[in-house]
Student: 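The structure's right below; bear with me while I get my questions together.
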Amino acid sequence: MSDTSANSNLDQRTIEENDELDSNRRKSLAALATAHHHVGAHLKCIRPTEDIFNPEDPKIREDIVRMIIQYLSDEGYTASKMTVYDEANVKWHEREERIVEVKRLKKAILDFYNWIWAEVDKLSAKPLVKNHKSFLYAVYKQQYLEYIEHQEIQKAFTFLNRRLKPLEHLQTTSNELLFVNCMMHLHSKIGKELGQQEKLVEQFQNMLNFENTDKDGSVYVPPNRLLTLLRQAVAYQIEFSRYHPRVSPRVNTLLQDYTSFVIPNAVRATLTGHHGNVKCVEFIGEEGREIVSGSSDNTLRIWDTENSKEMGILEGHESRIWDVSSNKIGTMVSSASGDGSIKLWDTSKHVCVTSFTEHSSDVYSVRFHPGDVKSYCKGGYDKIIRLYDVSAGRLVKTFTGHQLSVSKTIFNPLGNLIVSGSKDNTIKFWDIVSGLCIRTISSHLGEVTSVEMNSSGTLLLSSSKDNSNRLWDVRMTRPIRRLKGHQNTSKNFIRACFVNNSLIAGGSEDGIVYIWDQDTGEVLQKLRGHTGMVYSAVWNQKQNLFVSCSDDKTLKTWWYDENIPLEL
């Protein structure tokens, strides 16, 4: 067999093996997706809002610290536990000393045959005991009886006058001390009194329980309390998600809210009302209970996510709306327009609260800062990126360096960088403090129409008019894979987004919403329903729902319908 023939067979086997791996991967994802059934939103559930408890309440703060200390102790982080105690001003070292003293004193009291009274004397001088006179009296009485039992009469007499007499006002009966005095002559009765040592220990324990109630931080914390609360929180997230798993899932991270893995395969609702093509769409706030869309009819419209009804129309722009953004808590929406302005809207009153106009050319992009509701950035036709302070109503900084229009601007999850895509085929990273460009990606062969980052900020997704979406490793600034199948060559802004950090979805000029597997780059699903090109498809984790906007003047929400098979 020739080398050429052998290499050909080897290549064929490699292709077949890769096809089999991709097939198994698709089957695995399909199994995950079909393991859920849609239950809709729980409209009457109590939301985990700030009015549940006040995080500034000193008692709540103390409880949280106690649970953390308990967890550190259970896991064996002793040094860390002691540090937290000290920083929380719980006097850990003092408490540890008292615990040691208690153990030594108990041992001394319970050692019937070999009472170490020298040890008792030493401990009795400590604040733990000496301030409790009644208990001290009981200890001294027992020590006195021990001297008599061992016929140490001189020691007993001296001890009686020096220790017991000053505390005679604490005797339980008026002639108790007289009785004790008679013990010097009635040795036969000592055994009855010596049997009281268990009661002495019980009295000692009661005293400690009373003393330790709250002053030294030793409030009772139920076992594994922190883990119990975390499990309850995850159970709440699972219960009130739109899709319920058929089998109880095992959560492998607590750094993100639980969300069921769903691959939408059907139109849930069609939202109509705009009189021009719908250029952009966004869920309002993290909760995503409402949707905002921007159109070439110069208006924004707000829709109810659950019933798909129109909630209000935001009017004021004099040209088409290119982009919309919502702040994290969902109280404000910002819009970028062809009239050269950025407008801020109150989502509850549906009114414009302020407007910024720096130039007369189109503004293509706007994005709120992820951690500061008072800041946002924008980019447009004039090639300049601008950072605004909303509360002060002023421009904070400008970023220049792109050679052509800026099509999209976003913040990284930490909020310390702005990432921009441009018609000059490049992607740039900007430091918001210095205003300098710290990195440039120039591998696209066409205009960049969109950039997005995953929740951890490690991956960048870019869309370009070279008919591709590309996935990038941000830390190494290198391409990971190219996602193909859709169409993006015209003058439109076709955009894509991350879904659940495992899928990627985007629009296309052929009117289809494409969903790719992030790990392999394979097209998993094609959502058909629009009659015009799809500009964008956006995912909301809280709602487990897609919404897309199109040239056909409509928006569509997409869900998983178990009665319709997945294409895959």
Side-chain angles (χ1 to χ4, degrees), residues 267-284 288 290-305 307-326 330 332-347 349-352 355-357 361-368 376 378-381 405 407-408 449-450 463 488 490-497 506-509 511-513 529-540 545-558:
V267 175
R268 182 177 183 271
T270 300
L271 287 58
T272 59
H274 280 295
H275 304 299
N277 56 28
V278 186
K279 296 287 189 185
C280 50
V281 64
E282 186 82 17
F283 284 92
I284 297 179
E290 293 177 328
I291 296 168
V292 60
S293 58
S295 168
S296 292
D297 64 9
N298 304 352
T299 69
L300 294 93
R301 293 174 190 257
I302 294 180
W303 316 81
D304 184 278
T305 303
N307 58 33
S308 305
K309 292 182 179 179
E310 186 181 285
M311 305 293 292
I313 302 176
L314 309 181
E315 298 177 303
H317 280 296
E318 297 176 359
S319 184
R320 70 189 66 190
I321 315 297
W322 286 109
D323 197 15
V324 290
S325 178
S326 165
M332 288 194 297
V333 164
S334 183
S335 55
S337 171
D339 62 13
S341 72
I342 294 284
K343 291 187 183 294
L344 293 178
W345 310 84
D346 185 314
T347 56
K349 299 177 181 177
H350 298 170
V351 295
C352 178
S355 181
F356 296 92
T357 304
S361 57
D362 288 52
V363 182
Y364 294 135
S365 175
V366 63
R367 179 64 65 95
F368 272 99
Y376 69 86
K378 73 170 187 177
Y381 183 78
S405 303
S407 55
K408 187 68 176 178
T449 59
S450 174
S463 302
N488 182 13
S490 186
K491 62 181 180 180
N492 304 285
F493 290 137
I494 304 297
R495 291 166 173 164
C497 70
S508 175
E509 291 169 357
I512 299 173
V513 178
H530 284 293
T531 57
M533 71 177 66
V534 179
Y535 294 110
S536 178
V538 182
W539 168 260
N540 182 268
L545 200 66
F546 267 117
V547 61
S548 58
C549 58
S550 171
D551 192 56
D552 64 9
K553 306 178 184 178
T554 71
L555 299 100
K556 290 185 185 292
T557 54
W558 306 83

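Heavy-atom basis, side chains included; hydrogens, waters and symmetry copies ignored.
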Student: Is it the case that the side chain of S295 and the backbone of G276 share a donor-acceptor pair, with hydrogens and angles ignored and the cut-off at 3.5 Å?
Tutor: yes
Student: For the residue pair R268 and S308, what are the closest heavy atoms and their distance?
Tutor: NH1-OG, 4.1 Å
Student: Could you tell me whether the side chain of V267 reaches within less than 4.5 Å of the side chain of W558, counting heavy atoms only?
Tutor: yes
Student: Checking side-chain hydrogen bond (donor to acceptor under 3.5 Å, both in side chains) against S293, which of H274, E282, R301, K279 comes through?
Tutor: H274
Student: Working to the nearest 0.5 Å, report the span between CD1 of I284 and CD of E290.
Tutor: 5.0 Å
Student: Got a second to check how far N492's CG is from S536's OG, nearest 0.5 Å?
Tutor: 12.5 Å
Student: Can a salt bridge be assigned to the pair D323 and K408 using a cut-off of 4.0 Å between side-chain N and carboxylate O?
Tutor: yes
Student: Identify the two heavy atoms, one from N277 and one from Y535, that lie closest to each other, and give their separation to 0.1 Å.
Tutor: ND2-OH, 3.4 Å
Student: Of all heavy-atom pairs between L344 and Y376, which one has the smallest distance, and what is that distance?
Tutor: CD2-CE2, 4.1 Å
Student: State the CG-OG distance between L555 and S550, to the nearest 0.5 angstrom.
Tutor: 9.0 Å
Student: Answer yes or no: is there a donor N or O on one side and an acceptor on the other, between the side chain of S508 and the main chain of V513, under 3.5 Å?
Tutor: no
Student: Could you grab the distance from atom CZ of R320 to atom OG1 of T299, nearest 0.5 Å is fine?
Tutor: 13.0 Å
Student: How many angstroms lie between atom CG of L314 and atom CG of N298, to the nearest 0.5 angstrom?
Tutor: 13.0 Å
Student: What heavy-atom pair brings V363 and K378 nearest, and what distance separates the two atoms?
Tutor: CG1-CD, 3.9 Å
Student: Indicate the atoms forming the closest heavy-atom contact of A537 with F546, along with that distance.
Tutor: CB-CD2, 4.4 Å
Student: What I'd like to find out is whether the side chain of L300 reaches to under 4.5 Å of the side chain of W345, using heavy atoms alone.
Tutor: yes
Student: Under 3.5 Å, is there a donor-acceptor pair between the side chain of T347 and the main chain of G330?
Tutor: yes
Student: So, does T305 use its side chain to make a donor-acceptor pair with the main chain of G288 at under 3.5 Å?
Tutor: yes
Student: Go through the steps for T557 and I291 under the test side chain to side chain contact (heavy atoms under 4.5 Å, CB included), then give the verdict.
Tutor: CA-CA 10 Å; T557 54; I291 296 168; 4.1 Å; yes
Student: Between E310 (side chain) and G273 (backbone), is there a donor-acceptor pair under 3.5 Å?
Tutor: no
Student: If you take all heavy atoms of S319 and D339, which pair is closest and at what distance?
Tutor: CB-N, 3.4 Å
Student: Check whether D297 reaches the backbone of H275 with its side chain - one donor and one acceptor, N or O, closer than 3.5 Å.
Tutor: yes
Student: Donor-acceptor pair, distance only, cut-off 3.5 Å: does the side chain of T449 make one with the backbone of I494?
Tutor: yes
Student: So, does S341 use its side chain to make a donor-acceptor pair with the main chain of K343 at under 3.5 Å?
Tutor: no
Student: Under the side chain to side chain contact (heavy atoms under 4.5 Å, CB included) rule, what do N488 and E509 come out as? Steps first, then yes or no, please.
Tutor: CA-CA 6 Å; N488 182 13; E509 291 169 357; 3.9 Å; yes
Student: In Å and rounded to the nearest 0.5 Å, what is the SG to NE2 distance from C549 to H530?
Tutor: 7.5 Å
Student: When you measure from the side chain of S325 to the backbone N and O of F368, does any donor-acceptor pair fall under 3.5 Å?
Tutor: yes
